[in-house]
**Q** 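One structure, pasted below without further comment.
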Amino acid sequence: MILTREVAELKRPEDVVRVRQVARALALQAGFGLVDQTKIVTAVSELGRNALIHGGGGTATLEVIEEGIRRGLRIVFRDEGPGIADVERALQDGYTTSGGLGIGLGGARRLMNEFEISSSPGKGTTVTIARWK
Amino acid sequence: MDKIPILRMGRFLLVTIQVDMHDQLALALQEDLTSRIVKDGARGVLIDISSLEIVDSFIGRMLGTIASMSRMLDAETVLVGMQPAVAITMVELGLALPGVRTALDVDKGMEMLRSRIGPDGEMTGHDPDP
Ligand SMILES: Nc1ncnc2c1ncn2[C@@H]1O[C@H](COP(=O)(O)OP(=O)(O)OP(=O)(O)O)[C@@H](O)[C@H]1O
Ligand SMILES: [Mg+2]
């Protein structure tokens, strides 16, 4: 069951800041403690920036969800950019095509309980992450 | 706000990051800081991140770059006031910040710089830089 849903655009650098703020507010609403909030917001920052920089812009959909007695936060990042040809490689720490540190994708996966990525070259990338309380 | 203020304290510079920075603001700080190190002949830089709620790969890279650029310009950088939740998250993210010194608060950071560089002398020397 979806308790709250927010959709945010990722078109400009300031949008990444805003998505971080929305993620913080929803994490708080879902009842996460400070460390979990920090992990969620950090993962959101990484994937939001990726959608903006590598994906040429996109959207983030943030949802507070409930499954039985557990509550969590799920975020879906979508872009229609160039996509990722080799996802396994992109997930490796240190792999970057843009002079970054190359830790965003792998790091976001470590920070969350669920991580799913689907990408097709030329069509875009969708990354879904979730963390449960 | 489109600039992060840099405060001069004797031979040290103090930067307090108080906003949720977007990437351009972080890049501007990197540039401002290196030019101020040269202009003020600063020997140390204290970056207070106690109000920073996250350090992600971009901010981490910027902090690392500031530290290595400062070192080239003969100034030491100390990162002060990192929140415990931020530290825990950075480790899991995989952000190590090699070569960046840290201290618990501004006072301890200042002590660290003084012990490495020597007393900065002119602590009262206020710089009315705009
Ligand atoms: N949404 C996306 N669209 C297209 N390519 C992407 C996308 N997200 C990631 N990539 C590719 O995967 C690589 C690794 O991403 P990752 O976030 O791990 O590192 P990075 O963004 O290069 O650096 P940083 O450590 O600063 O995040 C990127 O360099 C890019 O080539
Ligand atoms: Mg990235």
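Here is the naming used below: chain letters follow the sequence lines, and residue numbers restart at 1 for every chain.
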**Q** Do the charged groups of A:Arg49 and B:Asp56 touch, with an N to O distance under 4.0 Å?
**A**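 Counted as a salt bridge, because a side-chain N and a carboxylate O are separated by less than 4.0 Å.
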**Q** Assess whether a salt bridge exists between A:Arg24 and B:Glu53, defined as any Lys/Arg side-chain N lying under 4.0 Å from an Asp/Glu carboxylate O.
**A**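 Result for this pair is yes, salt bridge flagged.
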**Q** With a 4.5 angstrom heavy-atom cut-off, could you sort out which part of B:Gln24 is near chain A: side chain, backbone, both or neither?
**A**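 Contact with chain A: side chain only.
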**Q** Below 4.5 Å, heavy-atom pairs only: which of A:Gly100, A:Gly102, A:Gly104 has the largest tally toward chain B?
**A**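 Max contact count across the listed options: A:Gly100.
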**Q** Quick check on the interface: out of A:Ser45, A:Ala108, A:Gly106, who has the most heavy-atom pairs with chain B under 4.5 Å?
**A**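 The answer is A:Ser45.
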**Q** Show your reasoning for whether side-chain hydrogen bond (donor to acceptor under 3.5 Å, both in side chains) applies to A:Glu114 and A:Trp132.
**A** CA-CA 9 Å; A:Glu114 290 172 19; A:Trp132 297 99; 2.8 Å; yes
**Q** Is B:Ile59 in contact with chain A via its backbone, its side chain, both, or neither, using a 4.5 Å heavy-atom distance?
**A**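 When you check distances to chain A, no heavy atom of B:Ile59 falls under 4.5 Å.
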**Q** Are a donor atom and an acceptor atom from the side chains of A:Glu46 and B:Ser57 found within less than 3.5 Å of each other?
**A**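 Checked: A:Glu46/B:Ser57 side chains pair up, N/O donor to acceptor below 3.5 Å.
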**Q** Using non-hydrogen atoms only, which part of A:Val16 is less than 4.5 Å away from chain B: side chain, backbone, both, or neither?
**A**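 The answer is neither part of A:Val16.
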**Q** Quick check against the 3.5 Å criterion: does B:Arg8 have a side-chain atom that pairs as donor or acceptor with the backbone of B:Ala42?
**A**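 Here the side-chain-to-backbone pair does not exist.
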**Q** Could you check whether B:Arg71 pairs with B:Glu76 (Lys NZ or Arg NE/NH1/NH2 to Asp/Glu carboxylate O, under 4.0 Å)?
**A**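 No, B:Arg71 and B:Glu76 are not salt-bridged.
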**Q** Is it the backbone or the side chain of B:Met90 that comes under 4.5 Å from a heavy atom of chain A, or both, or neither?
**A**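 Neither part.
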**Q** Which of the residues A:Arg12, A:Arg109, A:Lys39 is involved in the greatest number of heavy-atom pairs with chain B at under 4.5 angstrom?
**A**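 Answer, by heavy-atom pair count under 4.5 Å with chain B: A:Lys39.
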